[in-house]
Amino acid sequence: MLTSLRPKVLSILNNESKNVDARLEEICELLRDSIDYYDWVGFYFRNGNKEELKLGPYAGEPTDHTTIPFGKGICGQVAVSNENFVVPDVSAQDNYIACSITVKAEIVVPLFVNGKNIGQIDIDSNTPDPFTEEDERFLEFVNAEVAKVL
Ligand code: SME
């Protein structure tokens, strides 16, 4: 159950002995290690006032896509839509940026600070169609808690 991870998320985020990026990386590792269908977990953040996202802390294989223009790919679309984007089958998307040929599905949930979309959490899965509303609610919780420490 994803809800059982909530206390762990809180204790990582409240650990003031680490800087925020280290805490976010630990969150990515917790999610990737604990949830078998989460194969790559990362945060993207808006790059200042530019219409682009920059890769932040992540867990999983390094990606070439460290900068993503607004509107491009699933991530870039969420930067402008302000809405969760659940992709059960990435091969059915034409505006999609492939990070690895093993990825079958993706979920991106925007991160709001004071009502402003300042970034997102992005999960890639090697399992087809794995994400449910439980993932959406859990990732909304994670982002709301992350927003408090940014
Ligand atoms: N697939 C994403 C790009 C980021 S990678 O998944 C890490 C997209 O289409 O925006």
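The basis for the numbers below is simple: all heavy atoms, side chains too, and nothing from hydrogens, waters or symmetry mates. Residues take their numbers from the sequence shown, with the count starting at 1. Whatever order the structure lists ligands and atoms in, that order sets their numbers, starting from 1.
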Self-check item: Reported CG-to-CZ distance for the pair N117 and F70, which is rounded to 0.5 angstrom
Solution: 7.0 Å
Self-check item: ligand 1-proximal atoms of D122, by part, heavy-atom distance under 4.0 Å
Solution: side chain
Quiz item: Donor-acceptor pair, N47 side chain versus K50 backbone, under 3.5 Å?
Solution: no
Quiz item: Purely on distance, is any nitrogen or oxygen of G73 under 3.5 Å from one on ligand 1?
Solution: no
Quiz item: Counting only heavy atoms not in E61, do more than 12 fall under 6.0 Å of its CD?
Solution: no
Practice problem: Indicate the ring-plane relationship of Y44 and W40, choosing parallel, tilted or perpendicular according to the 30° and 60° boundaries. | Solution: tilted
Quiz item: Strictly under 4.0 Å, does any heavy atom of Y58 approach an atom of ligand 1?
Solution: no
Quiz prompt | R137/E140 ion pair, N-O < 4.0 Å | solution = yes
Quiz item: Should one rank S100, C99, G76 by closest heavy-atom distance to atom 5 (S) of ligand 1, which comes out on top?
Solution: C99
Self-check item: Side-chain ion pair, E51 and R46, N-O less than 4.0 Å
Solution: yes
Quiz item: Which atoms of ligand 1 are found less than 4.0 Å from any heavy atom of D124?
Solution: 5 (S), 6 (O), 7 (C)
Exercise. Check Y44 against ligand 1 and report side chain, backbone, both or neither, counting heavy atoms closer than 4.0 Å.
Key: side chain
Exercise. Note the single closest protein heavy atom to atom 8 (C) of ligand 1, along with its residue, its atom name and the distance in Å.
Key: I74 N, 3.3 Å
Quiz item: Quick one: does ligand 1 sit under 4.0 Å from the side chain of E106, the backbone, both or neither, non-hydrogen atoms only?
Solution: side chain
Exercise. Please state which part of I97 comes within less than 4.0 Å of ligand 1, counting heavy atoms only: side chain, backbone, both or neither.
Key: both
Exercise. Calculate, to the nearest 0.5 Å, the distance between atoms OG1 and CD1 belonging to T127 and I35 respectively.
Key: 12.0 Å
